[in-house]
There are 2 protein chains.
Amino acid sequence: MSPKITTELLKHLRQVMKNPRYVQEPVQAYIVPSGDAHQSEYIAPCDCRRAFISGFDGSAGTAIVTEQHAAMWTDGRYFLQAAHQMDSNWTLMKMGLKDTPTQEDWLVNVLPEGSRVGVDPFIIPADQWKRMSKVLRSAGHDLVPVKENLIDTIWTDCPQRPCKPLITLDLSYTGVTWRDKIVALRSKMAERKVMWFVVTALDEVAWLFNLRGSDVEYNPVFFAYAVIGMNTIRLFIDGDRMMDPAVREHLQLDSTLEPEFKIQVLPYGSILSELQAVGAGLSPKEKVWLSDKASYALTEAIPKAYRYLTPYTPICIAKAVKNAAETEGMRRAHIKDAVALCELFNWLEKEVPKGTVTEIVAADKAEEFRSQQKDFVELSFATISSTGPNGAIIHYKPVPETNRTLSVNEIYLLDSGAQYKDGTTDVTRTMHFGTPSAYEKECFTYVLKGHIAVSAAIFPNGTKGHLLDSFARSALWDCGLDYLHGTGHGVGSFLNVHEGPCGISYKTFADEPLEAGMIVSDEPGYYEDGSFGIRIENVVLVIPAETKYNFKNRGSLTFEPLTLVPIQTKMIDVSLLTEKERNWVNEYHQKCREVVGAELERQGRHEALRWLLRETEPLARVQ
Amino acid sequence: MSPKITTELLKHLRQVMKNPRYVQEPVQAYIVPSGDAHQSEYIAPCDCRRAFISGFDGSAGTAIVTEQHAAMWTDGRYFLQAAHQMDSNWTLMKMGLKDTPTQEDWLVNVLPEGSRVGVDPFIIPADQWKRMSKVLRSAGHDLVPVKENLIDTIWTDCPQRPCKPLITLDLSYTGVTWRDKIVALRSKMAERKVMWFVVTALDEVAWLFNLRGSDVEYNPVFFAYAVIGMNTIRLFIDGDRMMDPAVREHLQLDSTLEPEFKIQVLPYGSILSELQAVGAGLSPKEKVWLSDKASYALTEAIPKAYRYLTPYTPICIAKAVKNAAETEGMRRAHIKDAVALCELFNWLEKEVPKGTVTEIVAADKAEEFRSQQKDFVELSFATISSTGPNGAIIHYKPVPETNRTLSVNEIYLLDSGAQYKDGTTDVTRTMHFGTPSAYEKECFTYVLKGHIAVSAAIFPNGTKGHLLDSFARSALWDCGLDYLHGTGHGVGSFLNVHEGPCGISYKTFADEPLEAGMIVSDEPGYYEDGSFGIRIENVVLVIPAETKYNFKNRGSLTFEPLTLVPIQTKMIDVSLLTEKERNWVNEYHQKCREVVGAELERQGRHEALRWLLRETEPLARVQ
């Protein structure tokens, strides 16, 4: 992977930062966040402005360019990747390390007195604007909104914003109609005494209307906003997608409806002016509910006194708790996904020793097997297919320059998943196709112990996920090891593979309590730079737990793995497992056999079934 | 315990809330926080305003009185006690439970439009003022400072503010001179580019000057403030305490000193006007450092642009990391404390069956044995001596109305500690003097497993204490049990028994990372209302841990118990312990034998020594 040469680009950007055609007054710094106008994690090519200017294309990062400096903040998952992709014009700011300054502190340090810091007000979330602007102001600088995106002005071959057809989802997939979702939303609005709710996150728009799209790779969403009033529904969406008869029928656009369920369709670009009109027409006590992560531009459209901002919207919270139809869909999706992976691993076992399987070939083969499954739509994220030292690059994606051949001498880490019409998957398995070293097995086993500690944890109702994070690390910590990423994230139901408001991380203190029906990943790991990476990831469903006692009648919760893919027993040092852990592995493998075995049988995939049976032999107690 | 009748008092308070002699305009609500002007947890009798108005005298709680309502917010430790001590005029607001409103939200809900909420600006911390005032303002109300404390106006027999003699501590106790502490503080100030530092917390003043006092029961502090400039030291303190030759010598008040170490002594009451003068004389870029928990009154004395506020002050952080002299002192104090408790438990074992030992008698006896130890000063908090159902009142203190007789049929919980000139102790043991039930043993063993999980935890340098909290609960959670308090708090060195900035709690996210030399408590528990309470508490020292590997060269930490008092093996269901846990208990008891045994021997306390040897017999493996 050679770095992108950015000398000319940066020169050009620094020119437009002073060009009165784009900025009223010159800005001495320009911030390029990684999100789009919906604060999405995965973004369309036209929104990859930070990657365009820097070369670093990981999923998280913020670039800041001043007259003298260019700096990139990203987290532990991307330290290696960012260092590889950026040229010497850029300074890497390693977030989470003790001595790394915040963006604000760094700006205060490098800027001349009385500087202006520019940012696109549609891209920066309001909460971040507030925090930055406060620190900058107190140091004598100004954060200023720059209407025209300065990257767009220098990005001559910027791709067009996608506008692809929509998919409608019926009740068998969603469990609840969009009308009932609107009713529930309005009741939450009434509870909080707000008159309007602005839907800005793409997955929230998709979930609310039971629609899916493909405007953004891996995330089945489409570019749209919605503004829900107590008696009105406005959907801001472009293109002729609303001409599709199936969509019109689904949204009942041509039916005679009670006025409060009549959807008014408006152009995507009119959201700001429409919201400003809403803002201007509010009478006292009429509040407008927005996520505090909505863009600064949209938040400012509502006068401050009328804003009701929360870190998580009622849609975000409702969406996280999957209903029976969604849970069943997720189960089906995970069984199909396991079938594909049994096929893949069986194939790899035969092919790897031949020396012809590269990381890209393996990733493509995984996609091929997945695409054979019913209701497959696309992958849910870029497959991390990494062997040997590449495994230590936490969010690695193989490209021709880095593509390594799988061998019987190196650990192989595959983190992959798919979108099926009935659910979203995300699974990591770490395999060795030869004979792992004792040290590799030792590290793998600590990671496994952490995985089990979370998966088998029992905890009271109302517990936040971050309180479980240390369970995943304890076995590693005992030996002086650790990993520099969180342990789990919420997973959507045929939606974004990363979603709020729950998660399992030492960093997340604003997470909502876990409740039955929520779905998260459990993915501890261990990485040795330049040598190997290990991660074991299941998607797990929060379920009620039966306990001997029931303190204060609170009830308890635990997890049920939805992912049913064998964990390579060859990598386990059984002598390091407790009896409880050994039983957990054996019971898990027994379930893989029964559930996935039956599906392999049904699909006539006999060779993969034999592989599954061989890989799920119970672990014997070490004498 | 009968509740305090507050009808007349509340009537009186509601009158002064409208009396133009005290308030410019009537206030519709008046907040009575539990702290003093230094935001102390333990306060002098003259500062017990919240207890005076409500009857509830627990260590934490905030009262709010409106024209119609009187409400008290307190946490899980005090739900039972507050309910017992307050009459029906009061509504108990159980903090930490899901449906309990915040003080702000409650006020917004009950107040008529455009209300004024009064509070003493010296008592309310600036950060709390900011939060409350923001919420109130956005709901159309005003938080207003009421100069004269309204409780003081109706408290006719309010005791005088104490002004007791000071104790000077020499290098053998403190390890660092006050001059060197000032030098270190000024270097932290220079790092942050601040010119002034205001010391508002009483234990920070005491620590900085290597002085102790006895103005507040249990906490060896004295009423004072200090303002440290780069070249000046001002100490605000009342009384003739500065006439004491030992104090004058210690502070070198009569010596010829470099001017930057010359201490200027000023009256306690002049802090506000002196600070206002400092504030008025600042030139641009001259910042003043204050804790964000300093009072609103003092914070407001510095113009906003000149304030540098942090959650923890450099003194708080320096004070938490004990040096070798302090650590050795703490070790000595804990050995003496263990001697006293061996004597006590040996005595209780003989006396309890006679039916003559009440909770108060036991507490007095504990104090008697402690007072026989060298350098004993006073207790470090009100002894929690509780048997049977009283044990479930988490911060119970026996009074004649509740005093229960210890028996061979009930669990006895003793949480007690002392101030010695060389260190502060805090230990809880739960004992049964007859035959505990299987259920009692089961619960005790889960608590013990939690205690060990924290005490034996190994974790990376830089880990915050709150990440360890779930380790203490895991065994309880597995069976559906839990406890409604944090797991540990920082402990001072011959200073406050509760101190920041570290701790172990699911609630504390603003805690500073643990580092070697910090001292915290490890005290999980289990409580069954109306029946019994269990808690096992040691004070533990953070020490470097040896680990097999060393990820990113970060180094690891673990804990060394300073408390060396036997954990009653009769209460342990050994079949529930893992081998590792059993070994921990045996090694811990072995250390108690060696270290405390030697001291008992030295002090000629042979009977207590025999008790110790009997109680520390190793646990045998259950077949």
Side-chain angles (χ1 to χ4, degrees), chain A residues 76 96-98 138 140 284-285 304-305 307-308 439 442-443 446 453 456-464 466-471 473-484 506 508-510 513 526-529 545-558 578-580, chain B residues 76 96-98 138 140 284-285 304-305 307-308 439 442-443 446 453 456-464 466-471 473-484 506 508-510 513 526-529 545-558 578-580:
Chain A
L97 299 198
K98 210 177 151 185
S138 83
K285 295 226 156 191
K304 202 170 170 187
R307 286 178 216 155
Y308 180 75
Y439 178 60
E442 184 186 357
C443 295
Y446 297 145
I458 294 173
F459 48 91
N461 249 316
T463 301
K464 294 184 170 194
H466 70 258
L467 291 170
L468 308 180
D469 184 74
S470 298
F471 290 155
R473 298 175 200 274
S474 181
L476 288 161
W477 283 357
D478 277 347
C479 292
L481 304 181
D482 197 6
Y483 54 95
L484 297 180
Y506 59 100
T508 330
F509 303 133
Y526 175 67
Y527 310 91
E528 237 168 66
D529 288 355
E546 292 297 321
T547 53
K548 189 168 176 187
Y549 307 112
N550 188 6
F551 179 64
K552 302 264 179 205
N553 221 17
R554 282 193 299 179
S556 293
L557 299 171
T558 188
T578 64
E579 193 181 338
K580 200 178 143 192
Chain B
L97 299 197
K98 210 178 153 184
S138 82
K285 293 227 157 188
K304 201 170 171 186
R307 286 178 215 155
Y308 181 74
Y439 178 62
E442 184 186 356
C443 295
Y446 297 145
I458 293 173
F459 48 91
N461 249 316
T463 301
K464 294 185 169 195
H466 70 258
L467 290 170
L468 308 180
D469 183 75
S470 297
F471 290 156
R473 298 176 200 273
S474 181
L476 288 160
W477 283 357
D478 277 347
C479 292
L481 303 180
D482 198 6
Y483 54 95
L484 297 181
Y506 60 99
T508 329
F509 302 132
Y526 176 67
Y527 310 92
E528 236 167 66
D529 288 355
E546 291 298 319
T547 53
K548 189 167 175 188
Y549 307 111
N550 188 7
F551 180 63
K552 302 262 178 208
N553 221 16
R554 281 194 298 180
S556 293
L557 299 171
T558 187
T578 64
E579 194 182 336
K580 197 179 145 192

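First the proteins, then the strands, lettered A, B, ... as listed; each starts at 1.
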Check: A:Tyr549 ring centre within less than 6.0 Å of B:Tyr446 ring centre: no

Donor-acceptor pair, side chain of B:Ser470 and main chain of A:Leu467, under 3.5 angstrom: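 Judged by distance alone, yes, a pair lies under 3.5 Å.
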
Picking from [options], which has the most non-hydrogen pairs under 4.5 angstrom with chain A?
options                                : value
B:Pro460, B:Ser556, B:Ser474           : B:Pro460
B:Cys479, B:Ala456, B:Ser138, B:Ala457 : B:Cys479
B:Leu484, B:Asp478, B:Thr558, B:Thr463 : B:Asp478

Heavy-atom cut-off 4.5 Å, strictly under: side chain, backbone, both or neither for [X] against chain A?
X        : answer
B:Lys552 : side chain
B:Glu579 : neither
B:Tyr526 : side chain

Short N-O contact, A:Asp482 and B:Arg554, less than 4.0 angstrom: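 A salt bridge links A:Asp482 with B:Arg554.
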
Under 4.5 Å from any heavy atom of chain B - which part of A:Tyr527: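 Contact with chain B involves the backbone of A:Tyr527 alone.
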
Closest non-hydrogen atom pair between B:Trp477 and A:Ile458, with its separation: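 Smallest heavy-atom distance, with atoms named: CB-O, 3.1 Å.
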
Contacts of B:Lys98 that satisfy salt bridge (Lys or Arg N to Asp or Glu O under 4.0 Å) - sequence neighbours left out: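 With neighbours one apart ignored, the set is empty.
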
